[in-house]
Amino acid sequence: MIQSATVHLFTDYKTARGILVLKPLSSQIASLVEQAIRDAQSDGTLPTFEIPSVEINPPKRPEQGDYATAIALQLAKPAQMNPLDIAAHISKRLPEKDYIATIEVAPPGFINFRLNEDWLRQQVETIIAEGDDLFKLELGAGKRAQVEFVSANPTGPLHVGRSRGAIVGDSMARILEAAGYDVEREYYFNNAGQQMINLGNSLRIRYLEALGKPVNVPSEDDKSFYQGEYLIDFAKDLIAEKGDSLVDEDWQPFKEYAEQRMFEWIKRTLARVNIHHDVFFNEDSLYTSGAVWDVLKALDERGYIYKAKEWEGASEEEKAKAERRKPATYFRSSKLGDDKDRVVVKADDSPTYTLPDIAYHVNKIERGFDVLVNVLGADHGTEYKVVAYGVNALGYDASKIHVIIVQMVRLLRKGQVIKMSTRAGDYDTLDDLIDEINQTNESNLIDPGTDVVRYLLLARSPDSHLDFDLDLAVTQSNENPVYYIQNAHVRCVGIFRQAEENNLNDEGADLSLLGDDELRFLRKALELGEQIEFAATTFAPHKIAFYAHELANTFHPIYENVRVLHSDVSEDAAKARLRFYRAAQITFKRVLALMGMRAPDKM
RNA sequence: GCCCCUGUAGCUCAGUGGAUAGAGCAACUGUCUUCUAAACAGUGGGUCGGGAGUUCGAAUCUCUCCAGGGGCGCCA
C-alpha cells in the first residue's frame, strides 16, 4: 500500500537541479481560488476588478474545515455583490483535486476546505521520501540570499546580548535555505579602528603588569581600557610564548595577538551553537579597494555632500569650539527624509562608520544577491536608516535589504537583572551561559545548553524585548519548551529501538489503518510548508519556534493514545503506526534542524 | 524634545483586517506493572494600556494620550 504514494504534493515542482520541492497546501489552494475568480470574471458572473492576494489559513475551529479563506468577504465591495453569492460562484468553479474532500460555503461568506483523509494518510510516505529536505520550497529556487549577522568586532568574547542576533540570523539563513534559496552567511568586521588599538593597548598593559613592570592599570572610568579578565589570561599566554621580548613594543603586536585570539574564541563559541559563516568581510578592504572614496565621490556628484564646521542646533559653546576646527564633510541625508545630515568624514579626514557602511551595502548589492538580510541590535536602529538613504541616493535599490532589528536581551537570575557590558568587564558571555545550563543538566547530551540557548533566544518576536530567564533555562521539566520539543523526537526513536527488539518493521504498512489521532498530527505536520514560507517572506524566524512547540503539543497526546507495541494492537495496525511515527520523527528532525538544534535519540 | 520598539490571562509571550482572542508556566484535581511521566487528561482564569476614528467587520489600520525600554556623537 505504500507504492505510488509520494507523488501528490510535488508533481509539478522541480528545480533546475532536479531536487524535489514542495508547495504549501495553502498556496496551492490559493492559486485554485484565484483561477476560479478569474474564470467567474471572464464569463461575466463577477465584474472585473483587480484580484487581491488570496489568503488561505487554517481556521481556529475544526468544524470550519482544514483551510479557509475570507476572500469573498473582501471582494464584496469591489464586486458590489453579496459575499455569500461570491463565495458560491467561486466554490462552484473550483476544480476537483485529490487532496480536497469537501468545499463548503459558510456565512457570512467564508469558503472552507476539508482535506481528503485518504490522501492525508498517504502523506506519511511523502514525508518519509522527503526526509531531511522536507518542505524544501520552490520559493527561492535559483535565487541567492545573503544573511549578514553577528558582525561583532573582535574586541571581546560573544556576550548574551549579541547572541540573540546570532541565533536569529542563523535561523533566518536556515529558513531561507528551506525556502529554496542559495544562502550565504556573512560576518562583517573591522580590525582597523580605534577600538582595536585600545584593545592592543589594554593587552600591552596587562602584559607589562604580568611581567611585574611598572605600569598604571587604568580604572573602570577609563573607557579606552578593556577591563575583561580574558586579557589577563591572554597576557599570560603571550608571556609563555614570547617571554619578555615585547616589552619595548607599542600596541601593534599586542593588537594582532589579541585579535587573533579573540576571533578564534568568537568562532569557537559560534560553532558551539552550530553557527558557521561562509564569508568574513573586512571593512578595511573597502579602503584598500577605494570603494569608500568612490562612494563619497558619487554622493558628491549627486549633490549630497557639503562641508561645514558645525551642525544645526549646536550650542554657542560648541559653535565657538567648532570655529577653531577644520570643517567636516556632511551627507545631506535630510534631503531624503532623515532628521538631520550626517557627518561622513571627520575634520581629521577620516571617515565615520557611515561611509564604509554605505560602501559595504553597495558592495553587497553589486554581488548580485536577490535578497539581503541584515540582523542588527536595537542600539544600531538608526544606522540602517542612514545606510538606506545613502544606497538609494546612489541609485541602488535599498528595498532589497531587509533589516531585522532585534531588541535588547536582559539576563535574569532569580528575578534580578544582570548587567552586561563588554568594556567594563562585568559581561556575561554566551559560553558562561551555556556552561551554567550544562552544569544542571543530567542528560547524556553533549553540551545540552546550546540547544536551550538557541531555542530561548529564537522563540520571541525580534521586536520584543527578551528577558532570558536563567532559572527557566536550567529546569529539566515540562516548564522548559526545549526538552518538550526534543522529547517528541526521542519518543519516536524510542519506539523504533523497541520495535527492532520485537522484530517489528514498517515494511508493507497499510496506511488506511491510521486513525483520527494520526490525521490530526499529519494536518499539523503539513503546515510546515506554510510556516517556512511565511517565516521566509516576512523575515520572522521565530515563527518556526512557535510552530515547533505547537507540533510537539499535537504529538504528545497522540503518543499516549496511539501505541505501537501493546499486546492489544494488531500487527497490521502496529506496522501502520510505526510508519506514521517514522514520518513524525522526520518532521521533528526537520523542524529542529531549521532552528539549528539537535534531534537527540535519547535524553 | 525627536525617532524606533513594546503594552493581550496572576507570570512569560503568540496572534497574517475576518467566524466564539490562543499557548506555555503558575494554581487546583487526577493518570505510570505496557514504546521515556522531560508526558497526558481535566478545572478556573481577559474592559487585548485608555480614548476617538476608518471599516460590513479592528488585538491587528489611523490619530491622540498614558506607561516601560532603546537610540538621538566629527564612537561603531
Side-chain angles (χ1 to χ4, degrees), chain A residues 55 57 59-61 63-64 68-70 73-74 76-77 83 106-110 112 151-153 155 190 193-195 223 283 309-311 322 325-330 338-340 342-348 350-354 356-357 377-383 385 405-408 410 442-443 459-467 469 472 475-488 490-499 501-502 504 534 538 540 542-543 545-546 549-550 552-553 555-561 563-568 577-578 581 602-603:
Chain A
E55 303 285 335
N57 293 309
K60 288 167 202 151
R61 311 180 68 79
E63 59 268 29
Q64 294 163 350
T69 180
L73 293 160
Q74 288 165 44
K77 184 171 273 183
F110 293 96
N112 296 332
S151 297
N153 288 339
T155 57
N190 176 24
Q194 186 61 42
Q195 281 186 355
K223 293 269 187 275
E283 180 186 327
K309 286 185 176 176
E310 69 211 50
W311 58 96
R325 292 208 287 198
K326 283 168 61 184
T329 306
Y330 283 76
D338 203 355
D339 329 323
K340 57 178 180 184
R342 310 281 170 171
V343 172
V344 285
V345 183
K346 299 180 238 172
D348 67 1
S350 66
T352 63
Y353 69 90
T354 306
D357 243 17
D379 50 340
H380 292 235
T382 46
E383 174 181 343
K385 202 178 68 175
I405 303 243
V406 294
Q407 297 297 319
M408 286 193 58
R410 293 194 310 173
E442 293 154 6
S443 76
R460 195 122 317 174
S461 162
D463 289 339
S464 267
H465 298 212
L466 192 154
D467 284 344
D469 185 348
L472 171 66
T475 27
Q476 293 174 75
S477 71
N478 49 11
E479 279 179 62
N480 195 326
V482 181
Y483 305 130
Y484 185 76
I485 297 162
Q486 287 183 321
N487 189 36
V490 168
R491 283 179 140 182
C492 291
V493 174
I495 296 172
F496 284 98
R497 205 167 26 237
Q498 193 66 38
E501 283 179 27
N502 298 14
L504 180 74
F534 191 64
T538 61
H542 70 286
K543 298 279 176 190
F546 283 94
H549 196 271
E550 286 170 19
N553 201 20
F555 175 84
H556 286 299
I558 292 168
Y559 175 88
E560 301 280 331
N561 279 337
R563 314 297 278 191
V564 176
L565 302 162
H566 268 212
S567 48
D568 57 349
R577 290 175 177 185
L578 203 55
Y581 281 112
K602 278 185 180 175
M603 275 166 60

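Since this is a predicted model, take the numbers as computed values, not measurements. Proteins come first, then strands; the chains are lettered A, B, ... in the order of their sequence lines, and each starts at number 1.
B:U16 atom C1' lies 11 Å from atom NE2 of A:H542, rounded to whole Å. Between the OH atom of A:Y559 and the C1' atom of B:A41 there is a distance of 17 Å, rounded to whole Å. Distance A:Y483 OH to B:A37 C1': 17 Å, rounded to the nearest Å. Protein atom CG of A:D463 is 13 Å distant from nucleotide atom P of B:C13, rounded to whole Å. Atom-to-atom, CG of A:D467 to C1' of B:C5 comes out at 14 Å; the value is rounded to the nearest Å. The nearest whole Å value for the distance from the CZ atom in A:R460 to the C1' atom in B:G15 is 14 Å. Taking atom CD of A:Q64 as the reference point, atom C1' of B:U20 lies 9 Å away to the nearest angstrom. B:A39 atom P lies 9 Å from atom NE2 of A:H549, rounded to whole Å.
Nucleotide B:C32 is shown with a syn base, its glycosidic torsion being within 90° of 0.
Between A:E560 and A:R491 a salt bridge is recorded (basic side-chain N to carboxylate O distance below 4.0 Å).
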Would you write the dot-bracket representation of RNA chain B, where each base gets (, ), [, ], | or . depending on whether it forms a Watson-Crick or G-U pair under 3.5 Å and with which partner? (((((((..((((....[...)))).(((((.......))))).....(((((..]....))))))))))))....

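Between A:H556 and A:Y484, the ring planes are tilted. Angles from 30° to 60° get that label. Ring geometry for A:H542 versus A:F546: interplanar angle over 60°, hence perpendicular rather than tilted (30 to 60°).
With contacts defined as side-chain heavy-atom distances shorter than 4.5 Å, the pair A:Q64/A:F110 does not qualify. Within the 4.5 Å cutoff, the side chain of A:D339 has no heavy atoms near those of the A:T382 side chain.
The phosphate of B:A37 has OP1 or OP2 within less than 4.0 Å of a side-chain N or O from A:R491. A close approach under 4.0 Å does occur between a side-chain nitrogen or oxygen of A:K346 and OP1 or OP2 of B:C75. Close to B:G73, at under 4.0 Å from its OP1 or OP2, lies no side-chain N or O of A:T354. Not one side-chain nitrogen or oxygen of A:K340 sits closer than 4.0 Å to the OP1 or OP2 atom of B:C2.
Taking atom C1' in both B:A67 and B:G49, the straight-line distance is 8 Å, to the nearest Å. Comparing B:G73 with B:U16, their C1' atoms sit 40 Å apart, to the nearest whole Å. Using atom P as the reference point in both B:U8 and B:C61, the two lie 16 Å apart (nearest Å). Using atom P as the reference point in both B:C63 and B:C2, the two lie 14 Å apart (nearest Å). Here the separation of B:A41 from B:C25, taken at their P atoms, is 11 Å to the nearest Å. Only the C1' atoms considered, B:G15 is 23 Å distant from B:C56, to the nearest whole Å. The gap from the C1' atom of B:C72 to that of B:A52 amounts to 31 Å, rounded to the nearest Å. Spacing of C1' atoms, B:U43 relative to B:U47, comes out at 24 Å, to the nearest Å.
Between the side-chain ring of A:F534 and the base of B:U16, a stacking contact exists by the 5.5 Å and 30° definition. Look at A:F110 and the base of B:A19; the rings stack, centres closer than 5.5 Å and planes less than 30° apart. For the pair A:H566 and B:U34, the ring geometry qualifies as stacking, because the centroid separation is below 5.5 Å while the planes lie within an angle under 30°.
By the ring pair (Phe, Tyr, Trp, His ring centres under 6.0 Å) test, A:H566 pairs with no residue at all, sequence neighbours left out.
Within 4.0 Å of A:S461, counting heavy atoms only, lie sugar-phosphate atoms of the nucleic acid but no base atom.
Taking the side chain of A:R563 as heavy atoms from C-beta on, and the options B:C13, B:C74, B:C35, the nearest nucleotide is B:C35. Listed nucleotides: B:C13, B:G70, B:U16. Nearest to the side chain of A:M408: B:G70. Ranking B:C13, B:U36, B:G70 by closeness to the A:D379 side chain, first place goes to B:G70. Relative to the side chain of A:Y353, the nucleotides B:A76, B:C74, B:A14 differ in distance, and B:A76 lies closest. Considering only side-chain atoms of A:P557, the nucleotide from B:G70, B:C35, B:C40 that sits closest is B:C40. Candidate nucleotides B:U36, B:A76, B:A14 were compared by shortest atom distance to the side chain of A:N190, and B:A76 ranks first. The side chain of A:A328 lies closest to B:C74, out of B:G15, B:A38, B:C74.
In this structure, the separation between CG on A:N487 and CZ on A:F555 is 8.5 Å, given to the nearest 0.5 Å. Atom CZ of residue A:R563 and atom CD1 of residue A:I495 lie 8.0 Å apart, to the nearest 0.5 angstrom. Expressed to the nearest 0.5 Å, how far OG1 of A:T352 lies from OH of A:Y330 amounts to 10.5 Å. Considering CZ of A:R497 and NZ of A:K602, their distance stands at 5.0 Å, rounded to 0.5 Å.
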Using the 3.5 Å cut-off, write out each protein N or O paired with an N or O of nucleotides 54-59 of chain B and the distance between them.
none

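Checked by distance alone, A:N112 brings a side-chain donor or acceptor within 3.5 Å of a matching partner on the base of B:A19. Counting distance only, with no hydrogens placed and no angle test, the side-chain atoms of A:H465 and the base atoms of B:U6 include no donor-acceptor pair under 3.5 Å. Between the base of B:U20 and the side chain of A:R61 there is a donor-acceptor pair shorter than 3.5 Å.
When the nearest nucleotides of RNA chain B are assigned to A:E55 and A:L466 by heavy-atom distance, the more 5′-ward of the two goes with A:L466. Comparing A:R497 and A:D339 against RNA chain B, the residue whose closest nucleotide sits nearer the 5' end is A:D339.
Looking at A:N480, its side chain does come within 3.5 Å of a backbone N or O of A:V482 through a donor-acceptor pair.
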